[in-house]
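Proteins come first, then strands; the chains are lettered A, B, ... in the order of their sequence lines, and each starts at number 1.
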Number of protein chains: 2
Amino acid sequence: MPKATFFNLPNDKRSLIISAAMKEFSNANYDAASINQICKNSNIAKGSFYQYFTDKLDLYVYIMTLAVEEKIKFFSAIISEFHTLTLLEQIRLLFRKGVEFANKHPEYAALGEQFSKEDNELAKLAVTKEGNKQAESLFIQMILNAKTKGEIDSSVDSLALSLLLQSLYGAVNKYIVGKLENASYEYNEEDINSLVDSLLNIIFHGIQNKVD
Amino acid sequence: MPKATFFNLPNDKRSLIISAAMKEFSNANYDAASINQICKNSNIAKGSFYQYFTDKLDLYVYIMTLAVEEKIKFFSAIISEFHTLTLLEQIRLLFRKGVEFANKHPEYAALGEQFSKEDNELAKLAVTKEGNKQAESLFIQMILNAKTKGEIDSSVDSLALSLLLQSLYGAVNKYIVGKLENASYEYNEEDINSLVDSLLNIIFHGIQNKVD
DNA sequence: TGTGAATATGACCACCTGGTCACATATTAT
DNA sequence: ATAATATGTGACCAGGTGGTCATATTCACA
């Protein structure tokens with residue numbers, strides 16, 4: 001956690017530092033990100049930085065935690081009403097909400113995309129230790145729940161389906177972040193949503209021709 | 001391409017350099033990988049390195065090209081007999097061959113996994129420009145072919161299915177490389193293959209319960 | 001106005017990077 | 001043996017890194 005001095009800072013100065021750090025950590029991985037750059041872009045001296053944070057890792061964990069909290073806040077509303085929905089509806093909502101989140105908070109989405117590629121084990125561990133990793137088991141819970149309700153075929157391998165959904169969710173995010181990086185590209189949320197629908201349609205109904 | 005001097009080297013010295021470079025580039029991304037380390041691990045002087053390669057990028061592209069060539073050689077046999085197989089058989093073969101490749105050449109697999117996370121645009125571009133990127137359009141070709149043969153439902157979104165297969169292929173590779181890194185873990189190729197079968201079963205038949 | 005605590009600062013440190021270059025050593029051809 | 005060419009070498013360079021610290025400034029309270 002940042003030191004008390006950091007939280008005593010005037011709001012605009014503090015948020016300037018945060019946004020500079022977010023920008024740096026979404027453009028470079030942990031080791032490549034530069035504290036010097038963050039200082040330069042937020043107009044603070046190197047010495048000041050170390051009055052706010054104990055070290056680089058301290059800042060990194062703080063920034064990533066902010067992103068996670070924002071995402072949880074964004075998703076909490078829909079998760080609470082999951083029990084009223086079918087698995088298909090749950091998954092579609094999850095994916096669409098993910099698209100919406102990336103659209104509304106591209107900085108956080110870019111941060112997450114960068115984190116998914118992170119090499120530095122220390123940095124990865126520090127972040128996952130801090131945040132609750134409920135997300136990774138969410139799919140499994142949903143799948144098991146749907147099985148008991150008889151919504152999906154019991155012969156389906158739960159682990160495989162979870163892996164499939166996770167990798168697909170990651171792919172969609174990566175796709176969106178890639179689009180958003182191209183400022184020139186005209187981004188269309190509806191196009192992505194119809195792609196998501198196509199994907200879910202495949203997963204739920206399969207691709208094999210039933211006529212033969 | 002490396003300079004002539006490099007290819008004049010005695011075989012064992014040359015392959016020592018190659019293996020040291022492969023090790024470095026599979027443990028760190030392009031920017032983080034260290035030429036000093038490669039020199040140290042292959043017992044050559046810094047000056048010698050620059051008699052063999054024009055610069056870091058030269059070595060990087062060379063190493064990645066070796067990996068791509070090895071993979072193409074490995075897959076060429078099965079691709080040539082694709083026309084005798086159904087889409088399901090093609091995809092299953094592709095995935096299984098991928099698992100086998102990662103098992104037989106873990107160094108190359110780790111290299112590919114690292115490349116998929118590569119941040120440095122220059123390095124990425126230099127590699128993709130060199131190698132033929134036939135792989136990325138392979139799935140699309142297979143899908144369109146299967147559609148004309150009526151093997152899969154024509155309403156299936158080809159692009160979405162291709163994205164799904166690609167991301168799944170990447171996820172499986174990542175999964176395997178992760179397992180292989182844990183030397184302690186007892187690796188079982190059959191377990192992975194049955195996971196692949198579960199995944200393909202989902203894609204071909206869907207997960208929705210047909211009883212309701 | 002004075003005093004002590006909080007905060008701001010940038011020169012500095014040790015260490016690393018990719019790349020260069022003058023020089024030393026082999027190898028080969030004459 | 002001599003000359004010419006090909007290789008090997010490591011000190012060195014400019015420029016970057018995360019982190020430190022003595023000092024200067026600002027602030028709050030008496």
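- At D:dT7, one or more side-chain N or O atoms of B:N8 fall inside 4.0 Å of OP1 or OP2 (strictly under the cut-off).
- Nucleotide C:dT7 holds its P atom 20 Å from the CG atom of A:N43, rounded to whole Å.
- At a threshold of 4.0 angstrom between heavy atoms, the contacts of A:Y52 are confined to the sugar-phosphate backbone, with no base atom among them.
- In terms of heavy-atom proximity, B:A33 sits nearest to B:A28 at N-CB, 3.8 Å.
- In this structure, B:K3 fails the cation-pi test against B:F53, since its NZ or CZ atom is not both closer than 6.0 Å to the six-membered ring centre and inside 45 degrees of the ring normal.
- Summarising the geometry, the separation between CG on B:D31 and P on C:dG19 is reported as 11 Å, rounded to the nearest angstrom.
- Under 4.0 angstrom from either OP1 or OP2 of D:dG10 there lies no side-chain N or O belonging to B:K46.
- Checking A:A45 against B:N36, the closest nucleotide of DNA chain C that is more toward the 5' end is the one next to A:A45.
- Residue B:A32 is out of contact with every strand shown, counting any heavy-atom pair closer than 4.0 Å.
- No engagement by A:A4 is indicated, since no non-hydrogen atom pair under 4.0 Å with the nucleic acid exists.
- With rounding to whole Å, B:N29 atom CG is found 14 Å from C:dT17 atom C1'.
- Computed from coordinates, the B:K3 NZ to D:dA6 P distance equals 13 Å when rounded to whole Å.
- Rounded to whole Å, the distance from CZ on A:F49 to P on C:dA11 is 19 Å.
- Straight-line distance from the CD1 atom of A:I35 to the C1' atom of D:dG16: 13 Å, rounded to whole Å.
- Regarding B:I38, its CD1 atom lies at a distance of 17 Å from the P atom of C:dC16, rounded to whole Å.
- Positionally, the nearest nucleotide of DNA chain D for A:Q37 lies more toward the 5' end than for the other of A:G47 and A:Q37.
- OP1 and OP2 of C:dG10 both lie 4.0 Å or more from every side-chain N or O belonging to A:K40.
- One can place CD of A:Q51 at 13 Å from P of D:dA22, the figure rounded to the nearest angstrom.
- Between B:S48 and D:dT7 there is no side-chain polar atom (N or O) within less than 4.0 angstrom of OP1 or OP2.
- Relative to the ring axis of B:F74, B:K97 places its NZ or CZ within 45° and under 6.0 Å from the centre.
- Of the inter-residue distances, the one linking B:I91 atom CD1 with B:I143 atom CD1 reads 6.5 Å to the nearest 0.5 angstrom.
- Phosphate contact (OP1/OP2 of C:dC21, side-chain N/O of B:Y50, threshold under 4.0 Å): absent.
- Using bins of under 30°, 30° to 60° and over 60° for the plane-to-plane angle, the ring pair B:F6/B:Y62 lands in the perpendicular bin.
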